[in-house]
Trainee: 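The following block contains the structure, expressed as structure tokens.
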Amino acid sequence: MALLSILRYPDPRLHKVAKPVTAFDARLKQLIADMAETMYAAPGIGLAASQVDVHQQLLILDISETTKELQVFINPEIIWASEEKKIYDEGCLSVPGVYDGVERPARIKARAVDADGKSFEVEADGLLAVCLQHEMDHLKGKVFVEYLSPLKRNRIRTKMLKEERDLKRG
């Protein structure tokens, strides 16, 4: 297993739209293992392949207290979303240290396939619904800060670019 590099906002690669996964092979399983190691080390509760510069429709989640309940969603799609909306404070491994409220459907039903190519559906609310929608946005080339006002987005962009310059200076 290997720790992967997580792209940081406003890296333009975060806006690439992911392509469907077509090969369910050893390379895919290795990518899932590397993404899991990366997510847990960060630490985070969700990671989309787009965030590690692999533009395939793959995301992983683990919202458990024990961090022993990894969920893999390949080629995910939302097949139903509630009219009811909720605002949750979201954060992102690609936008470290930034949290803000995002309004999303309170409940969703999603369809995806697992690492072996087997189809499944999940009904989600609360944190699971938020995480799934957040990570699926990454696969569409969208980062959660895009839901915020232009003023907030520009402040976050400036902050991230400054942190990146500071990191390069050492």
Side-chain angles (χ1 to χ4, degrees), residues 6-11 13-21 31-32 35-36 38-52 54-157 159-160:
I6 298 173
L7 298 177
R8 287 174 57 109
Y9 180 80
D11 191 308
R13 293 173 291 178
L14 287 168
H15 298 292
K16 284 178 78 173
V17 176
K19 300 205 178 330
V21 172
L31 175 60
I32 292 167
M35 284 176 60
T38 302
M39 179 185 74
Y40 290 132
I45 59 172
L47 186 65
S50 300
Q51 292 176 271
V52 294
V54 176
H55 302 283
Q56 292 189 311
Q57 293 179 16
L58 161 64
L59 65 89
I60 61 170
L61 302 172
D62 188 341
I63 60 169
S64 71
E65 297 288 321
T66 60
T67 64
K68 288 184 177 25
E69 295 175 31
L70 186 70
Q71 297 178 70
V72 176
F73 294 82
I74 299 170
N75 302 335
E77 59 181 324
I78 294 174
I79 54 176
W80 176 84
S82 68
E83 300 263 331
E84 179 193 358
K85 308 271 191 213
K86 281 211 171 152
I87 296 175
Y88 290 92
D89 243 13
E90 295 187 24
C92 182
L93 295 177
S94 291
V95 195
V98 174
Y99 299 88
D100 212 317
V102 175
E103 184 179 63
R104 298 185 184 273
R107 295 181 316 285
I108 61 166
K109 188 175 198 178
R111 179 183 300 135
V113 294
D114 65 17
D116 298 314
K118 185 174 178 276
S119 184
F120 67 93
E121 289 183 2
V122 63
E123 290 185 30
D125 60 7
L127 186 58
L128 180 58
V130 172
C131 288
L132 258 174
Q133 292 173 84
H134 175 110
E135 300 306 334
M136 286 173 75
D137 275 352
H138 278 299
L139 302 179
K140 297 175 198 153
K142 189 169 185 174
V143 181
F144 90 98
V145 298
E146 292 170 50
Y147 288 99
L148 308 178
S149 71
L151 176 65
K152 281 186 177 180
R153 205 168 38 246
N154 285 333
R155 284 184 178 158
I156 292 166
R157 186 178 201 287
K159 177 184 183 222
M160 292 293 118

Trainee: Can you check whether Val95 reaches Met160 side chain to side chain, under 4.5 Å on heavy atoms?
Mentor: yes
Trainee: Between Ala112 and Pro76, which heavy-atom pair has the shortest distance, and what is it?
Mentor: CB-CA, 3.9 Å
Trainee: May I have the step-by-step check of side chain to side chain contact (heavy atoms under 4.5 Å, CB included) for Leu70 and Met39, ending in yes or no?
Mentor: CA-CA 10 Å; Leu70 186 70; Met39 179 185 74; 3.9 Å; yes
Trainee: Which pairs of donor and acceptor atoms, one on a side chain in residues 58-67, lie under 3.5 Å apart (sequence neighbours left out)?
Mentor:
| unit_1 | atom_1 | unit_2 | atom_2 | d |
| --- | --- | --- | --- | --- |
| Asp62 | OD1 | Ser64 | N | 3.0 |
| Asp62 | OD1 | Ser64 | OG | 2.6 |
| Asp62 | OD2 | Tyr40 | OH | 2.4 |
| Asp62 | OD2 | Lys68 | N | 3.2 |
| Asp62 | OD2 | Glu69 | N | 3.0 |
| Ser64 | OG | Thr66 | OG1 | 3.4 |
| Ser64 | OG | Thr67 | N | 3.0 |
| Ser64 | OG | Lys68 | N | 3.4 |
| Thr66 | OG1 | Lys68 | N | 3.3 |

Trainee: Check this for me: Glu83, atom CD, are more than 12 non-hydrogen atoms of other residues, nucleotides or ligands nearer than 6.0 Å?
Mentor: no
Trainee: Taking everything shown except Lys142 itself, do over 12 heavy atoms lie less than 6.0 Å from its NZ?
Mentor: yes
Trainee: Take Ser50 and Leu14, measure what side chain to side chain contact (heavy atoms under 4.5 Å, CB included) needs, and give me the verdict at the end.
Mentor: CA-CA 6 Å; Ser50 300; Leu14 287 168; 5.6 Å; no
Trainee: When you look at Arg107 and Glu84, which way does the salt bridge (Lys or Arg N to Asp or Glu O under 4.0 Å) test go after all the steps?
Mentor: CA-CA 8 Å; Arg107 295 181 316 285; Glu84 179 193 358; 2.8 Å; yes
Trainee: Evaluate the side-chain proximity of Leu128 to Gln71: yes if any heavy-atom separation is below 4.5 Å, no if none is.
Mentor: yes
Trainee: Kindly indicate whether the side chain of His15, heavy atoms from C-beta on, has any atom under 4.5 Å from the side chain of Glu146.
Mentor: yes
Trainee: About how many Å separate CG of Asp100 and CD1 of Ile87, when rounded to the nearest 0.5 Å?
Mentor: 10.0 Å
Trainee: If every non-hydrogen atom of Ala115 is compared with every non-hydrogen atom of Val72, which pair is closest and at what distance?
Mentor: N-CG1, 4.5 Å
Trainee: Any chance you could measure Lys86, atom NZ, to Glu103, atom CD, to the nearest 0.5 Å?
Mentor: 12.0 Å
Trainee: Among Ile78, Val122, Ile79, which one satisfies side chain to side chain contact (heavy atoms under 4.5 Å, CB included) with Lys109?
Mentor: Ile79
Trainee: Rounded to the nearest 0.5 Å, how far apart are CD of Glu90 and NE2 of His134?
Mentor: 6.0 Å
Trainee: Please report the closest heavy-atom contact between Phe144 and Arg104, naming both atoms and the distance.
Mentor: CB-NH2, 4.3 Å
Trainee: Closest heavy-atom contact between Gln51 and Cys92?
Mentor: NE2-SG, 3.7 Å
Trainee: Would you compute the distance between atom CD1 of Ile45 and atom CD of Glu135 and round it to the nearest 0.5 angstrom?
Mentor: 8.0 Å
Trainee: Check each of Asp114, Asp116, Val21 against Ile74 using the side chain to side chain contact (heavy atoms under 4.5 Å, CB included) test, and report the only one that passes.
Mentor: Val21
Trainee: Write down the atom of Val113, the atom of Ser119, and the distance for their closest heavy-atom approach.
Mentor: CG1-CA, 3.7 Å
Trainee: Give the C-alpha distance, both sets of side-chain angles, the deciding distance and a yes or no for side chain to side chain contact (heavy atoms under 4.5 Å, CB included) between Arg153 and Tyr9.
Mentor: CA-CA 10 Å; Arg153 205 168 38 246; Tyr9 180 80; 3.5 Å; yes
Trainee: Which pair of heavy atoms, one from Gln56 and one from Leu139, lies closest together, and at what distance?
Mentor: O-CD2, 3.6 Å
